[in-house]
Amino acid sequence: LRAVVWGVTKDERRGTVVAAWGGRVVAVLVMTIPFWTAFRSGRSPDLVSVVFSVAIGFFIWQGASQALTSAAVHARVPGLSARTLARPAVVVVADTPLAEALRRAEAEGATALVVVDASGRPVAIANPSAVDAVPVERRPWVPVSSVSSAFDPRAAISADLVGNDLLQALLAVPSDSYLVVEPSGQGVAVLSAADVEQALSHD
C-alpha cells in the first residue's frame, strides 16, 4: 500500500501515513475476528483466540504507530536550520568567573558560553545543567571552565546548514553541543543536540 500510494502521489511521506493508518485498520480487524466468528456461529468467543488476536493486533498497531511517528519526524527535517536553532553565545577565557560570564551573556542577549584559549581557539562549551547547579552566591568564585565540557574541533558546523544536511553533519560527529560558525566568521553560537531533538519531536 505504501509503495502504491508513493508511486501515485510521488510523496513518500503520504505513502507512509496512508499505509500506517491502513495498518491500524488491519489491527482493529484482527482483534475483532474472534468475536465476529463467534457471533456468526452463535457461540461464545474462544479465550485462546481472543488473546492471540489481541496480541497480533497490538503488535500491528504498534508498528503502524511507529511508522506515523517516523513520518512526522521526517516531515519536520526540511524545516531544521542551524542558524535558527543555535543559541547566541559569548566568548570567555577559562578563568573567567561564572558570575562575570553570565553577566556578559545577559548584557549581550546570549544564552550560551564558549570558552577559548589564549589564542582565541574554542576549547570548551559551558554545560547549562552544570551552570544552573552552581548556587548564585558561589558563582563569583567558580571559573567558567569548571562547568564546561571539552570542545571537539570537529563539532563545528556552518550556520548555513539546513534540513537533512544539518542532520548528517550532526550524526557525523555525535556531541551534546556544536559550535555554529557563520560563513563570514562573525558571531558565535551554540547548537544543542537536545534542541534539535525537541524541534524534531514537536510542531
Side-chain angles (χ1 to χ4, degrees), residues 62 65-203:
Q62 287 290 93
S65 298
Q66 290 175 4
L68 283 173
T69 300
S70 177
V73 169
H74 280 83
R76 299 185 186 108
V77 170
L80 295 178
S81 166
R83 183 176 286 108
T84 301
L85 292 173
R87 302 180 181 188
V90 292
V91 174
V92 295
V93 293
D95 60 354
T96 302
L98 180 57
E100 172 61 15
L102 293 175
R103 185 196 66 77
R104 294 184 195 176
E106 183 178 4
E108 297 183 24
T111 55
L113 303 172
V114 175
V115 181
V116 297
D117 59 17
S119 63
R121 182 176 61 89
V123 294
I125 295 176
N127 186 313
S129 298
V131 171
D132 293 340
V134 179
V136 175
E137 61 274 14
R138 289 190 54 204
R139 292 177 180 178
W141 292 274
V142 175
V144 69
S145 59
S146 66
V147 293
S148 301
S149 301
F151 170 68
D152 184 342
R154 298 175 302 162
I157 61 174
S158 170
D160 288 339
L161 288 177
V162 297
N164 193 60
D165 290 338
L166 173 58
L167 284 185
Q168 293 301 318
L170 301 186
L171 291 173
V173 186
S175 177
D176 291 333
S177 300
Y178 298 83
L179 190 67
V180 178
V181 181
E182 289 287 349
S184 64
Q186 300 297 316
V188 177
V190 172
L191 176 62
S192 168
D195 288 343
V196 176
E197 292 175 3
Q198 184 175 18
L200 287 173
S201 59
H202 295 83
D203 289 323

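- Here the OG-CD1 distance, from Ser175 to Ile157, works out to 10.0 Å after rounding to the nearest 0.5 Å.
- With values rounded to the nearest 0.5 angstrom, Asp152 atom CG is found 11.5 Å from Leu179 atom CG.
- When all heavy atoms of Ala193 and Tyr178 are compared, the pair lying nearest together is CB-CE1, 4.5 Å.
- Of the inter-residue distances, the one linking Leu161 atom CG with Leu85 atom CG reads 11.5 Å to the nearest 0.5 angstrom.
- The shortest side-chain heavy-atom distance between Gln66 and Ser70 does not fall under the 4.5 Å cut-off.
- Residues passing the salt bridge (charged side-chain N to carboxylate O under 4.0 Å, His left out) test with Asp165: none are found, sequence neighbours excluded.
- Interatomic distance, CG of Asp195 versus CG of Leu200, reported as 11.0 Å (0.5 Å rounding).
- For the side chain to side chain contact (heavy atoms under 4.5 Å, CB included) with Val91, the lone residue among Leu113, Val115, Val116 that qualifies is Val116.
- Nearest heavy-atom pair across Ala101 and Thr96 is N-CG2, 4.0 Å.
- Residues Leu80 and Val162 have side chains not in contact (no heavy-atom distance under 4.5 Å, counting atoms from C-beta outward).
- Heavy-atom minimum distance, Ala82 versus Ala159: CB-O, 3.9 Å.
- Under a 3.5 Å cut-off, the side chain of Arg139 and the backbone N or O of Val134 do form a donor-acceptor pair.
- Of all the heavy atoms in Ala189 and Ala86, the pair that sits closest is CB-CB, 3.7 Å.
- Closest of all the heavy-atom pairs between Ser177 and Ala155 is O-CB, 4.1 Å.
- If you take OG on Ser145 and CG on Asp117, they are separated by 12.5 Å, rounding to the nearest 0.5 Å.
- No more than 12 heavy atoms of other residues, nucleotides or ligands shown are found within 6.0 angstrom of CD on Glu106.
- By the 4.5 Å heavy-atom criterion applied to side chains, Asp176 and Ser149 are not counted as neighbours.
- Contact between Asp95 and Pro143 at its shortest, heavy atoms only, is CA-CB, 4.2 Å.
- Considering OG1 of Thr84 and CG of Leu191, their distance stands at 10.5 Å, rounded to 0.5 Å.
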